[in-house]
Amino acid sequence: MKLFWKHIITLLKNFFKKGFFHLLSANVLIQLFAFASQLFVAGILSPDDIGRIKIIQTYFAIFSIIAGLGFNSSTLKICSETRTEKETAKYFINGFLFTIISSTFVYLIIIILNHFRIFSTDKLITALIPIGLFPLISSSLFSVLMSYFQAKKSIKLLSKHTILNKILSIIGIIVLSYYFGIKGYYVAFNLSLILMVIVAFFSARKNHPFTFNFDKQTFSEHWKYARSSTFANIISEISAYVDILLISFLIKDMQQIGYYSLALTTVTVLRLFPLTVQQITIPYFSSLQSNKEEFIKLFKTYNRLLLLIIGISLILFILVMPTLVDWIFNQKYHDSIPFLLPLSVGWSIRSSTFLQSAAIFGLGKIHYNAYTALCALIGNIIIYPIAIYYWGLMGAAYASISGGIIIWIASNYYLNRAVRKTNWTVV
């Protein structure tokens, strides 16, 4: 037992050296502020409006991947490889410019489709989509900037900008939601992201100098990774939020959707540690893609720690969150509590695959992440409609567990396949 805890302490020290705790502290603060703001907004707005926000957020999560076309992922992969500073800067700025073009085009298409009420039959949701999805442009650009910081292992800088972005957004959301309701929520979201793109851009230029040099020849290298990443992320987001997409059409009670949405919002806290581990390890996996022994050692070491933390987090969540929800809202959202257990178990299983996804990405086998997500999507498309039809929203909550198991099995299979298919130069 002593050896076990000594090993855990050694792991934490190694993480600290890599800037893990700077990033973790940033993510913790983000989650705390974000969670607090969501609770505050939930206290101000009606459950119906909370349901509307969740539906628009789901569309935003999916369309932001299409808007960015994976150039954030290709920037992360290319710029974390062994290249000269000049080459790295060239690939970054071209990825940034490609993103401006793709995100603007996608946003304009969405506005046209929304005019014909393609996304929802709810009139208010249709009216809010133009402002609610405008951040597709600014968010995509911010994501490329953060990928560049991550690739350069500028973890402190990444943490600083991430914290500033969320704090500004949250303060604005609370203030404007209080005075202007759901429309104020989206005005604040837009303004904060635009400001942070400007700040992060000049920070990138100061710390990692670059010049505007559009080179269309870089597109082929970017697209090699971006296309697989785009497909993988789109499928992954759709499979992750297929419940909300189906619920928005199959369930007419917007108040019940609001209760379910609040439960789903609280569950996102369980992704905190796995997401941080994924962010910190991708550049290291990428730099070890020629050394099989070191690669596998790194994965096994951090995977043990990740699974331990996920287990502890799940237990604490199940014990504390139901009481916390009732206490904060004075039982206003008491009907959200039954959803917490199945959703937390399902999302914990899903979060356990984050490191596997990072390892596959580091090996450059991004298409395997797409296959993993596709397996999950197919499973969810079969399971969720049946579960919702027979058991309503509670069926959707329990379906998240089966969805988590499917993606875990697929992720393990494709990680092993990626390791076998990699051409290792150091064995």
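Count residues from 1 along the sequence. As a basis for the values below, the full set of heavy atoms in this structure was taken, side chains included, without hydrogen atoms, waters or symmetry mates.
With hydrogens and angles ignored, the 3.5 Å screen pairs no side-chain donor or acceptor of N114 with any backbone N or O of R117. Counting only distance, with no hydrogens or angles, the side chain of Y91 and the backbone of T75 share no donor-acceptor pair below 3.5 Å. Distance alone, capped at 3.5 Å, places no donor-acceptor pair between the S400 side chain and the V345 backbone. A donor-acceptor pair under 3.5 Å is absent between the side-chain atoms of S74 and the main chain of A226, judged by distance alone. Within the 3.5 Å criterion, the main-chain N or O of I101 finds no donor-acceptor partner in the side chain of T104. The main-chain N or O of A67 is found under 3.5 Å from a side-chain atom of S102 such that the two form a donor-acceptor pair. The backbone N or O of N412 lies less than 3.5 Å from a partner atom in the side chain of N416, making a donor-acceptor pair. Panel note: side chain S147, backbone L76; no donor-acceptor pair is recorded below 3.5 Å. A distance-only check finds no donor-acceptor pair linking the side chain of S336 to the backbone of Y260 [under 3.5 Å]. Checking side-chain atoms of S348 against main-chain N and O of S344 turns up a donor-acceptor pair under 3.5 Å.
Taking 4.5 Å as the limit, every side-chain heavy atom of I131 sits out of range of all side-chain heavy atoms of K183. Within the 4.5 Å cutoff, no side-chain heavy atoms of N94 are placed close to those of F219. Side-chain contact check for Q356 versus W408: some heavy-atom pair is nearer than 4.5 Å. Taking the side chain as every heavy atom from C-beta outward, L133 and Y186 never approach each other to under 4.5 Å. Side chains of F317 and V267 form a contact here, defined as non-hydrogen atoms less than 4.5 Å apart. The shortest side-chain heavy-atom distance between I110 and F119 falls under the 4.5 Å cut-off. Taking the side chain as every heavy atom from C-beta outward, D243 and L264 approach each other to under 4.5 Å. With contacts defined as side-chain heavy-atom distances shorter than 4.5 Å, the pair L128/I56 qualifies.
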Verdict with reasoning, F361 to S73, per side chain to side chain contact (heavy atoms under 4.5 Å, CB included): CA-CA 9 Å; F361 185 97; S73 298; 3.8 Å; yes
Go through L374 and I378 one step at a time and tell me if the side chain to side chain contact (heavy atoms under 4.5 Å, CB included) criterion holds. CA-CA 6 Å; L374 185 59; I378 292 170; 4.1 Å; yes
Could you walk me through whether L393 and I388 pass side chain to side chain contact (heavy atoms under 4.5 Å, CB included), step by step? CA-CA 6 Å; L393 288 171; I388 293 171; over 6 Å; no
Apply the test side chain to side chain contact (heavy atoms under 4.5 Å, CB included) to residues T218 and I78: give CA-CA distance (whole Å), side-chain angles for both, the deciding distance (0.1 Å), then the verdict. CA-CA 11 Å; T218 62; I78 294 170; over 6 Å; no
Show your working on ring pair (Phe, Tyr, Trp, His ring centres under 6.0 Å) between Y413 and Y368 and close with a plain yes or no. CA-CA 9 Å; Y413 170 78; Y368 285 154; 8.3 Å; no
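Considering NE2 of H222 and CG of L97, their distance stands at 9.5 Å, rounded to 0.5 Å. Atom OG of S103 and atom CZ of F134 lie 9.0 Å apart (nearest 0.5 Å). Annotation: the span from L314 atom CG to L319 atom CG amounts to 9.0 Å, rounded to 0.5 Å. The CD1 atom of I65 lies 10.5 Å from the CZ atom of F60; values are rounded to the nearest 0.5 Å. For the atom pair CG of L176 and CG of L191, the computed distance is 7.5 Å after rounding to the nearest 0.5 Å. Rounded to the nearest 0.5 Å, atoms CG (N380) and SG (C375) are 11.0 Å apart.
The residue from F92, F142, F71 that alone fulfils the ring pair (Phe, Tyr, Trp, His ring centres under 6.0 Å) condition with Y148 is F92.
Ring-plane geometry between F96 and F201 is classed as tilted, the angle between the planes lying from 30 to 60 degrees on a 0 to 90 degree scale.
Residue T353 comes nearest to S411 through the heavy atom pair CB-OG, 3.8 Å, listed as atom of the first residue, atom of the second, then distance. The heavy-atom pair separating V197 from S138 by the smallest distance is CG2-O, 3.2 Å. Taking every heavy atom of both residues into account, P135 and L193 meet most closely at CB-CD1, 3.6 Å. Scanning both residues, L145 and A200, for their nearest heavy atoms gives CD1-CB, 3.8 Å. A359 and L415 make their closest contact through CB-CD1, 3.8 Å (heavy atoms, listed as atom of the first residue, atom of the second, distance). Here the closest heavy-atom approach between residue I349 and residue I405 is recorded as CG2-N, 3.8 Å.
Under the 4.0 Å criterion applied to side-chain N and carboxylate O atoms, K224 and E221 are assigned as salt-bridge partners.
Dense packing is recorded around CH2 of W223, with more than 12 heavy atoms of other residues, nucleotides or ligands lying under 6.0 Å away.
A distance of 6.0 Å or more separates the ring centres of Y259 and F339.
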